[in-house]
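Have a look at the structure below before the remarks.
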Amino acid sequence: MNAVFKALSDPTRRHVLELLRDRPMSAGDLADHFPVSKPTMSAHFAVLREADLVDVQKLGKTVIYRLKLSVLEDALLGFVGAFSAVADAAKSAQPKSAQPKPATLKKGTTP
Amino acid sequence: MTIHRNLATALIAAGGYIAGALLLKLVEKGGYISHDAAVRALAVFNGLALATYANFLPKSIGKFKDPASALCMESVLRVSGWAFMLGGLAFAITSLLPVPDTVPLALLATATAYVLGYSIWAFMGPARRKGGAA
């Protein structure tokens, strides 16, 4: 269950699951929806596979990903999605002065 | 290995089911609960068992050869899982309430009819002809 929570905690992985809700997709098609590198996407796919939230099948040379959510996991995905949308809306409604400032680096330090 | 694990899980569940029913019968014979209460408790047990099974139903997807049939199967399993889980929970809750015996059965029958209707629509309907279910 911990693996499921870990998988659903990331917005990119949640977006992957939302995309797979419409239809099974290849790894390449999924990766095209995100502005991140392929190794990063592979890591996301690995987390989703480990949590048993997606099913992987090879068709010829293409790797097809399919949704594999139980009813409770499906409900949890919907709940987390709705909750994060509300949280984002509340955050954007806050005045800029009340929002936490991003951490700034001092001169001479490296990230 | 998976088959053995599934078989073991099914046998344990069946054993628990029979043990629970026997325990209820013993408690009823001992005069601790009425016959009606024993029947209602078993109905709650049935409803929860159905809801638990239905929860894992969408995960039982097999291998596929073409994406259209995979999409159909996936959507049918998802709808079945939701319908039977809600139906099972409704069956369990209404079995506890002082309502006629036909009410829990009618709720379960509604869930079954919905699943059957959706399955026929998904595999034979317009969505299938276009290459996938909704």
Side-chain angles (χ1 to χ4, degrees), chain A residues 1-8 13-33 41 44-83, chain B residues 1-2 5-6 9 13 47-93 108 111-112 114-115 118 122-123 126-134:
Chain A
M1 203 63 196
N2 202 20
V4 173
F5 282 118
K6 182 187 169 192
L8 294 181
R13 291 195 285 268
R14 286 203 301 274
H15 194 188
V16 168
L17 294 175
E18 291 294 343
L19 288 170
L20 289 176
R21 205 188 276 274
D22 295 335
R23 63 186 173 92
M25 291 172 91
S26 69
D29 286 347
L30 281 168
D32 289 344
H33 286 83
M41 280 312 290
H44 284 309
F45 292 148
V47 173
L48 289 171
R49 273 201 312 268
E50 195 186 327
D52 202 26
L53 298 178
V54 292
D55 181 58
V56 188
Q57 189 176 333
K58 212 167 180 188
L59 277 183
K61 287 180 179 176
T62 318
V63 176
I64 304 286
Y65 282 87
R66 267 196 303 172
L67 209 57
K68 196 183 173 190
L69 296 176
S70 71
V71 175
L72 285 180
E73 286 162 353
D74 202 358
L76 191 64
L77 174 64
F79 176 75
V80 172
F83 188 77
Chain B
M1 194 67 190
T2 311
R5 194 186 294 168
N6 288 347
T9 310
L48 293 179
L50 177 64
T52 308
Y53 172 73
N55 177 45
F56 295 106
L57 202 56
K59 274 198 179 277
S60 60
I61 46 172
K63 299 291 174 197
F64 64 93
K65 285 183 180 169
D66 70 299
S69 64
L71 187 58
C72 264
M73 196 63 199
E74 199 180 297
S75 64
V76 165
L77 284 174
R78 196 181 307 154
V79 167
S80 308
W82 274 99
F84 282 129
M85 188 177 192
L86 293 176
L89 288 176
F91 183 85
I93 291 167
L108 212 51
T112 309
Y114 181 72
V115 168
Y118 185 84
F123 282 106
R128 172 72 176 151
R129 283 197 288 276
K130 278 179 193 169

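Naming convention: chains lettered A, B, ... in sequence-line order (proteins, then strands); numbering from 1 in each chain.
- Ranking B/Arg78, B/Lys59, B/Glu74 against chain A, the residue ahead of the rest is B/Lys59, based on heavy-atom pairs under 4.5 Å.
- Between the CZ atom in A/Arg21 and the OG atom in B/Ser75 there is a gap of 12.5 Å [rounded to 0.5 Å].
- Both the backbone and the side chain of A/Leu72 come within contact range of chain B, judged by heavy atoms closer than 4.5 Å.
- Using a 4.5 Å cut-off between heavy atoms, A/Val54 makes no contact with chain B at all.
- Between the side chain of B/Asn55 and the backbone N or O of A/Ser70 there is no donor-acceptor pair closer than 3.5 Å.
- Looking at B/Pro58 and A/Asp74, their side chains never come closer than 4.5 Å, going by heavy atoms from C-beta outward.
- Counting non-hydrogen atoms of neighbouring residues, nucleotides and ligands closer than 6.0 angstrom, the CD atom of A/Glu18 exceeds 12 such neighbours.
- At a 4.5 Å heavy-atom cutoff, the contact between A/Ile64 and chain B is made by side-chain atoms alone.
- Of the two parts of B/Ala51, neither the backbone nor the side chain holds a non-hydrogen atom closer than 4.5 Å to a non-hydrogen atom of chain A.
- In this structure, CG in B/Leu71 is found 10.5 Å from CG in A/Leu67, a value given to the nearest 0.5 Å.
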